[in-house]
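Reviewing the structure listed below.
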Amino acid sequence: MAQIKSVSDFLRMYVDGFKNMTWGRPLWVIIAIKLFIMFAILKVFFFPNFLNQQAASESEKSEYVANELTRPSQQH
Amino acid sequence: MEIDLSLVDWSRAQFALTAIFHWLFVPLTLGLGVIMSIMETIYHRTGDLKWKRTAKFWMKIFGINFAIGVASGIILEFEFGTNWSNYSFFVGDIFGAPLAIEGIFAFFMEATFIAVMFFGWDRVSKRFHLASTWLVTIGATLSALWILVANAWMQYPVGMAFNPDTVRNEMVDFWAVALSPVAINKFFHAVLSGWTLGAAVTLGISSWFLLKKRERVFAIDSIKVASVVGIAGIVLSMITGDGSAHQVALTQPMKLAAMEGLYEGEEGAGLVAVGVLNPQKEYGNDEDPFLFDIKLPKMLSFFATRSLNGYVPGINNLIEGGYPLPDGSEALSTEEKMQRGKAANFALMDYRAAKKENNTAAMTEAKERLDENFSHFGYSYFTDHAETIPNVPMVFYSFRVMVILGGYFLALFILVGILSWKKRFADIKWLQWVVLLSIPLAYICSEAGWIVAEVGRQPWAIQDILPVQAAVSKIETSSVAVTFFIFLALFIVLLIAELSIMFKQIAAGPEPVVNTKK
């Protein structure tokens with residue numbers, strides 16, 4: 001097998017590696033499915049950034065969090 | 001705060017589920033990384049192809065574990081943004097910086113060199129391949145470092161200053177965060193416990209080959225390397241565990257009291273070797289904390305204070321205060337801390353109000369009050385002293401499970417190591433069964449350690465600064481419950497996938513022998 005002497009050889013290593021994969025193939029399928037579920041389903045539909053929904057700017061987020069954190073004093 | 005406690009509980013349960021799942025993969029990555037790297041180093045030095053074959057087999061197990069575990073930690077970051085938004089905003093760049101460094105290391109180092117490790121045999125020099133394998137292991141370990149630095153900061157918040165304008169903590173001393181004694185001990189303890197788990201898994205799988213009368217040479221060689229790594233891992237875990245416990249005594253005395261079921265402090269306190277907690281015991285009643293216990297005299301004082309007669313406060317003392325601290329001052333009561341916390345909370349509210357009115361004099365005055373009392377800010381959220389006590393039985397028993405199993409693995413590794421170097425282990429079937437069946441115990445030991453660290457930290461998200469009920473987002477409890485069960489299903493499926501692929505590859509064994517020397 002050709003030794004790596006250039007960047008293209010290095011990239012060829014990846015291409016050949018993936019092409020000739022045996023036991024690794026189902027793992028890549030699992031990784032792809034997992035990443036799809038995580039980023040395309042869970043992140044989008046179940047895990048929005050909560051603060052981004054409450055406030056648009058950094059100062060508004062500060063105001064929101066300050067309001068939340070000082071609730072004990074507000075109730076006093 | 002008007003927070004539904006079931007929301008806090010569901011959010012905690014979801015985070016715990018994700019962290020426990022993630023931690024099934026991390027320690028095996030850390031431990032197997034060292035073991036396969038050592039095996040390839042032996043191949044590099046001897047040129048004996050049997051070691052290349054051995055290293056490649058364990059790399060395959062490493063790869064399966066890595067692939068299923070990879071990115072599962074990112075789910076924790078989703079949860080920070082959705083379920084723990086007050087916390088995420090409040091910690092600011094202190095938590096983000098180590099996680100960002102971790103991401104860079106994880107991506108560039110592991111992703112680059114793991115490809116060379118798997119695809120680069122015969123394409124790069126033996127030396128470069130060996131370097132790549134070690135860099136995969138080092139990369140994984142450095143990833144763990146930054147996660148553990150972030151975690152340690154939550155246990156012992158240092159190197160930061162609170163900015164009332166942004167309502168965020170800002171890092172003022174990176175090295176104080178990265179090199180805090182809590183972080184250093186936690187890093188070494190967690191990584192070395194990974195070596196222990198990796199060794200236990202390697203020994204167990206190798207014993208399976210011996211029981212099946214297959215691959216005897218491969219199995220014995222693997223056992224020799226794993227037993228050495230295991231002994232080093234568990235001995236160093238014990239040393240760093242002692243360091244961690246000492247740090248807990250200094251920085252989180254309530255956690256230590258829960259670990260020991262200690263309600264009344266004493267000088268020359270004994271360490272509970274074996275004990276059964278009294279389920280009737282609660283803070284404030286006169287029940288005996290134990291139904292049964294055997295203590296090692298003075299050892300708790302020694303571990304906590306480095307003095308056989310040092311004073312160790314119990315839960316009652318920590319709440320009542322008044323006992324002498326190591327620096328000579330007197331410990332504050334929880335009531336006093338709650339008053340100071342409320343003063344800090346009021347000061348933050350006053351500061352924000354003064355800022356809106358452009359009243360700089362009032363802002364300065366409020367800022368002074370805030371700075372003076374901020375170290376107890378989190379106590380403002382409590383109405384009952386007992387809220388500051390973690391779940392004592394869970395912490396107490398988890399600590400004992402971890403320590404007892406740690407002792408068990410030390411004995412097992414030494415026994416297996418001696419017998420394998422004397423060439424006798426391969427003929428002792430019952431011990432091979434014991435080693436094989438010990439694999440789950442290594443996971444239980446490892447997870448129990450995290451339960452001690454994280455349940456023992458409760459009720460704090462950030463020690464003394466922010467309790468979990470203030471850290472949580474005000475979202476629907478039902479949505480957290482739904483995602484909890486989605487994760488549970490997803491994790492079970494992934495675990496089944498991993499185990500089935502792993503079992504299949506273990507059964508296939510190492511690649512066929514071609515020749516013996518190269």
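Each chain gets a letter, A, B and so on, in the order the sequences are listed, and its residues count up from 1. Atom set for the values below is all heavy atoms of this structure, side chains included, hydrogens, waters and symmetry mates excluded. All figures in this text were calculated on a predicted structure; none of them were measured in a lab.
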Side-chain donor or acceptor of B:Arg340 paired with backbone N/O of B:Asn373 under 3.5 Å
no

So, the part of B:Glu498 with a heavy atom under 4.5 Å from chain A: the answer is neither

Turns out that what part of B:Lys60 lies under 4.5 Å from chain A's heavy atoms comes down to both

Most heavy-atom pairs under 4.5 Å with chain B, out of A:Met38, A:Gln54, A:Arg12, belong to A:Met38

Checklist line | Side-chain heavy-atom pair B:Trp460, B:Ile465 within 4.5 angstrom cut-off | finding: no

Check whether more than 12 heavy atoms from other residues, nucleotides or ligands sit under 6.0 Å from atom CD of B:Glu476, and answer yes or no. no

With chain A, the option among B:Val480, B:Ile475, B:Ile501, B:Val167 that has the most non-hydrogen atom pairs under 4.5 Å is B:Val167

If one checks every heavy atom of B:Phe80 against chain A at 4.5 Å, the contacting part turns out to be neither

Bottom line for A:Phe18: the part with an atom under 4.5 Å from chain B's heavy atoms is both

Does this structure show an ion pair linking B:Arg123 with A:Asp16, if we count only N-O contacts that are shorter than 4.0 Å? yes

| query | B:Phe484 and B:Phe491: aromatic ring centres closer than 6.0 Å? | reply | no

Note: vs chain A, highest number of non-hydrogen pairs under 4.5 angstrom among B:Trp84, B:Phe487, B:Phe90 is B:Phe487

Is a salt bridge present between B:Lys52 and B:Glu511, judged by a nitrogen-to-oxygen distance below 4.0 Å? no

Ranked by heavy-atom pairs below 4.5 Å to chain B, first place among A:Leu27, A:Asn67, A:Ile30 goes to A:Leu27

**Request:** Using modelled atom types only, decide if a donor and an acceptor are shared between the side chain of B:Thr29 and the backbone of B:Phe25 within a distance under 3.5 Å.
**Result:** yes

**Study point:** Side-chain ion pair, B:Arg369 and B:Asp350, N-O less than 4.0 Å
**Key:** yes

Honestly, the part of B:Ile64 sitting under 4.5 Å from a heavy atom of chain A is both

Above 12 or not: heavy atoms from other molecules or residues under 6.0 Å from CZ of B:Phe503? no

Given A:Leu35, A:Asn52, A:Leu51, the one with more heavy-atom pairs under 4.5 angstrom with chain B than any other is A:Leu51

For the backbone of B:His129 and the side chain of B:Thr133, can you confirm whether one donor and one acceptor N or O come within less than 3.5 Å of each other?
yes

If one checks every heavy atom of B:Ser479 against chain A at 4.5 Å, the contacting part turns out to be neither

The interface call for B:Lys355 against chain A, heavy-atom contacts under 4.5 Å, is neither

The interface call for B:Phe128 against chain A, heavy-atom contacts under 4.5 Å, is neither

When the 4.5 angstrom heavy-atom criterion is applied to B:Val116 and chain A, the contacting part is both

If one checks every heavy atom of A:Glu63 against chain B at 4.5 Å, the contacting part turns out to be both

Whatever's closer than 4.5 Å to a heavy atom in chain B on A:Gln53 counts as neither

Taken in chain and number order and not counting sequence neighbours, the residues that satisfy side chain to side chain contact (heavy atoms under 4.5 Å, CB included) with A:Ala55 are A:Glu60, A:Lys61

Applying a strict 4.5 Å limit to non-hydrogen atoms, the region of B:Leu494 in contact with chain A is side chain

Okay, A:Ile33 and chain B: the region with an atom under 4.5 Å from a heavy atom over there is neither

